[in-house]
A.B. asks: 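Handing you a structure now.
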Amino acid sequence: MSQTSMSQFVTACDAGGTVVAGGFLGDVAAFALADGDVTLLKGSERKTIAAHPDAAVLIGQSDTLRLVTGGDDGRLVATYADGSSDVIAHEKGRWIDALAVRGDGALAWAAGKQVRARDAKGEVKSWTAPSSVRGLSFTPKGYRLALSHYNGVSLWFPNMAAEPEFFKWAGSHLDVTVSPDGRFIVSAMQENALHGWRTADHKDMRMTGYPSKTRSFSWSSDGNWLATSGAEACIIWPFQSKDGPMGKGPRECGVRPSRVTRVAFHPRSLVVAIGYDDGWVMICRITDAAEILVRATEASEDGKDRAISCLSWSANGGQLLFGAEDGAAGILDLPAA
């Protein structure tokens, strides 16, 4: 199948190690590495920050002002575009298992059953979940937090004394996400499926058929579509109606003989970036399923894992950052229309 290519607009770079997470901090590309470092790239300038000395980064997220990383040293560290960094918290003797950040400065993290939420003013509230927390996600409106754990998801209001609202479904729930309009909560499960709830009445919805676990999902800016990894295509579920995807089949795009590992919707358009376990990166337009190649790789002969482990758009959608488990990375500058 012939494809349009934008590979000529990609600046390739070496992140310096296995990429765990990344994002744009203004015009600086930031990569969190498994070896504990954070790499900052701006043109030919390069900085390496030892965010977690002698430790490993397990998880990371960017809110466009800082790249927040959690490590097996129990530390939560914020790294900024100028190369400075702050230790936000230290859960001594425990790993940081889950993390959520948002643009107003609020963030939350989990270490085992212990969950902490810090608001934009720096006030920290804590809650002990019924079992180890695997995923965290802020709701788009209000100061609320969805937490995935065994047998369901809890919706916690850190500033309220009431117990969290519980959304029950038997099994092990991994990552969790909340729709931009707050109407739906969706979790990725251990058994290669997604489970969703309508927040208003806890109505259940099952999304199955994946050959592997979904470890990456992304909402379209209008909240009508949820893109997911876990198959040899980007699986996109419709959420326009009050029943979400129930009774409707998903769309597929970017079908290739390689497993999708990361997905990221454009912040303004119905365009989704797709990363694969062989290092390929593509962009797909939802309206007409048009596919554009961003990066192609040759078949691996050295045994290295080339899976794309990070995809992130700039705030204005003009650039796309990607990083892989073998340390390869790149930045796509979209040409002006």
Side-chain angles (χ1 to χ4, degrees), residues 18-22 34 56-61 70 72 95-100 110 112 129 131-137 146-154 167-179 184-197 204-219 225-237 239 244-245 249-265 272-282 284 305-312 322-326:
T18 297
V19 178
V20 174
V57 170
L58 303 177
I59 194 167
Q61 279 193 31
D72 63 4
W95 293 7
I96 304 298
D97 300 313
L99 171 67
S131 59
S132 294
V133 173
R134 300 295 302 275
L136 294 171
S137 179
L147 313 88
S148 57
H149 45 73
Y150 194 70
N151 283 341
V153 169
S154 294
F167 295 79
K168 184 179 181 180
W169 188 262
S172 181
H173 297 257
L174 307 178
D175 302 302
V176 65
T177 185
V178 182
S179 63
F184 301 99
I185 296 174
V186 179
S187 73
M189 301 205 55
Q190 184 72 26
E191 62 266 25
N192 301 351
L194 302 181
H195 192 82
W197 297 266
D204 293 293
M205 51 196 72
R206 290 279 283 164
M207 290 153 275
T208 60
Y210 291 88
S212 66
K213 294 175 183 60
T214 294
R215 297 315 306 265
S216 175
F217 31 44
S218 177
W219 293 94
W225 303 96
L226 178 64
T228 64
S229 69
E232 292 185 346
C234 175
I235 308 299
I236 306 174
W237 296 94
F239 278 83
R251 293 189 181 186
E252 296 185 7
C253 66
V255 180
R256 290 190 59 247
S258 181
R259 195 68 50 83
V260 173
T261 55
R262 302 297 301 176
V263 294
F265 256 113
V272 63
I274 310 166
Y276 300 82
D277 65 5
D278 62 357
W280 279 52
V281 178
M282 292 177 60
C284 182
D305 192 341
R306 298 185 175 186
I308 297 297
S309 49
C310 166
L311 283 175
S312 183
F322 61 84
E325 292 185 357
D326 65 355

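Throughout, residue positions are numbered sequentially from 1 according to the sequence presented.
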A.B. asks: Could you tell me which residues satisfy side-chain hydrogen bond (donor to acceptor under 3.5 Å, both in side chains) with R251, sequence neighbours excluded, listed by chain and number?
C.D. replies: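 By the side-chain hydrogen bond (donor to acceptor under 3.5 Å, both in side chains) rule, R251 matches no residue at all.
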A.B. asks: Between V186 and H195, is a side chain to side chain contact (heavy atoms under 4.5 Å, CB included) present by the stated rule, with each step listed?
C.D. replies: CA-CA 6 Å; V186 179; H195 192 82; over 6 Å; no
A.B. asks: What residues form a side-chain hydrogen bond (donor to acceptor under 3.5 Å, both in side chains) with W95, not counting sequence neighbours?
C.D. replies: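 Residues passing side-chain hydrogen bond (donor to acceptor under 3.5 Å, both in side chains) with W95: none at all.
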A.B. asks: Going by side-chain hydrogen bond (donor to acceptor under 3.5 Å, both in side chains), name the residues that satisfy it together with T228, two or more places apart in sequence or in a different chain.
C.D. replies: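 Counting only residues at least two positions away or on another chain, T228 forms a side-chain hydrogen bond (donor to acceptor under 3.5 Å, both in side chains) with Y210.
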A.B. asks: Side chains of E232 and V255, heavy atoms from C-beta outward: is any pair under 4.5 Å?
C.D. replies: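 No, side chains not in contact.
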A.B. asks: Please check if the side chain of Y276 supplies one atom and the backbone of M282 the other of a donor-acceptor pair under 3.5 Å.
C.D. replies: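 Not at all, since once roles are kept as given, no pair shorter than 3.5 Å links the two residues.
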A.B. asks: Using the rule given for side chain to side chain contact (heavy atoms under 4.5 Å, CB included), can you reason through V272 versus S218, listing the C-alpha separation, both sets of side-chain angles and the distance that settles it, and then say yes or no?
C.D. replies: CA-CA 9 Å; V272 63; S218 177; 5.7 Å; no
A.B. asks: Tell me whether D326 contacts the main-chain N or O of D305 through its side chain, where contact means a donor paired with an acceptor under 3.5 Å.
C.D. replies: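 No; judged by distance alone, with no hydrogens or angles, the pair does not exist.
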A.B. asks: Any chance you could lay out the side chain to side chain donor-acceptor pair (under 3.5 Å) test for W280 and S258, step after step, and finish with the verdict?
C.D. replies: CA-CA 9 Å; W280 279 52; S258 181; over 6 Å; no
A.B. asks: Would you say that L147 contacts V176 through its side chain, given a criterion of any heavy-atom pair below 4.5 Å between the two side chains?
C.D. replies: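 The answer is no; the side chains never approach within 4.5 Å.
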A.B. asks: Measuring from D175:CG to L194:CG, what's the distance to the nearest 0.5 Å?
C.D. replies: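 One finds 10.0 Å between CG of D175 and CG of L194.
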A.B. asks: Which residues pass the side-chain contact (heavy atoms from CB on, under 4.5 Å) test with A193, not counting sequence neighbours?
C.D. replies: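 Partners of A193 under the side-chain contact (heavy atoms from CB on, under 4.5 Å) test: R206, T208.
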A.B. asks: Among all residues two or more places apart in sequence or in another chain, which pass the side-chain contact (heavy atoms from CB on, under 4.5 Å) test with K168?
C.D. replies: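 F166.
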A.B. asks: For W197, is there any backbone N or O sitting under 3.5 Å from a side-chain donor or acceptor partner on D204?
C.D. replies: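 No; judged by distance alone, with no hydrogens or angles, the pair does not exist.
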A.B. asks: Hey, does L226 have a side-chain heavy atom less than 4.5 Å from the side chain of S179?
C.D. replies: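 Not in contact.
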A.B. asks: Please report the interatomic distance CD1(I235) to SG(C253), rounded to the nearest 0.5 Å.
C.D. replies: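 Rounded to the nearest 0.5 Å, the CD1-SG separation comes out at 8.5 Å.
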A.B. asks: Give the intermediate values and the outcome of side chain to side chain contact (heavy atoms under 4.5 Å, CB included) for residues L58 and I96.
C.D. replies: CA-CA 7 Å; L58 303 177; I96 304 298; 5.5 Å; no
A.B. asks: Can you list everything that forms a ring pair (Phe, Tyr, Trp, His ring centres under 6.0 Å) with F217? Sequence neighbours excluded, please.
C.D. replies: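 For F217 there are no ring pair (Phe, Tyr, Trp, His ring centres under 6.0 Å) partners, ignoring immediate neighbours.
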A.B. asks: Under a 3.5 Å distance rule, please check whether T261 uses its side chain to pair with a backbone N or O of I308 as donor and acceptor.
C.D. replies: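 Yes.
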A.B. asks: My understanding is that only residues two or more places apart in sequence, or in another chain, count here; which of them pass side-chain contact (heavy atoms from CB on, under 4.5 Å) with S212?
C.D. replies: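 So S212 forms a side-chain contact (heavy atoms from CB on, under 4.5 Å) with R259.
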A.B. asks: With sequence neighbours excluded, what pairs up with S309 under the side-chain hydrogen bond (donor to acceptor under 3.5 Å, both in side chains) test?
C.D. replies: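 Per chain and number, S309 pairs via side-chain hydrogen bond (donor to acceptor under 3.5 Å, both in side chains) with no residue.
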A.B. asks: So, using salt bridge (Lys or Arg N to Asp or Glu O under 4.0 Å) as the criterion, who are the partners of D278 when residues are at least two apart?
C.D. replies: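 Testing D278 for salt bridge (Lys or Arg N to Asp or Glu O under 4.0 Å), a comparison that skips the adjacent residues, returns R256.
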A.B. asks: Under the rule for side-chain contact (heavy atoms from CB on, under 4.5 Å), what residues qualify as partners of P245, not counting sequence neighbours?
C.D. replies: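 If we apply the side-chain contact (heavy atoms from CB on, under 4.5 Å) test to P245, skipping adjacent residues, the hits are M205, M207, W237, P238, F239.
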A.B. asks: Give a yes or no on whether the backbone of S229 and the side-chain of S216 come within a donor-acceptor separation of less than 3.5 Å.
C.D. replies: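 Flag not set: sc S216 to bb S229 has no pair under 3.5 Å.
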A.B. asks: D277: what forms a salt bridge (Lys or Arg N to Asp or Glu O under 4.0 Å) with it, not counting sequence neighbours?
C.D. replies: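 In terms of salt bridge (Lys or Arg N to Asp or Glu O under 4.0 Å), with neighbours along the sequence ignored, D277 is linked to no residue.
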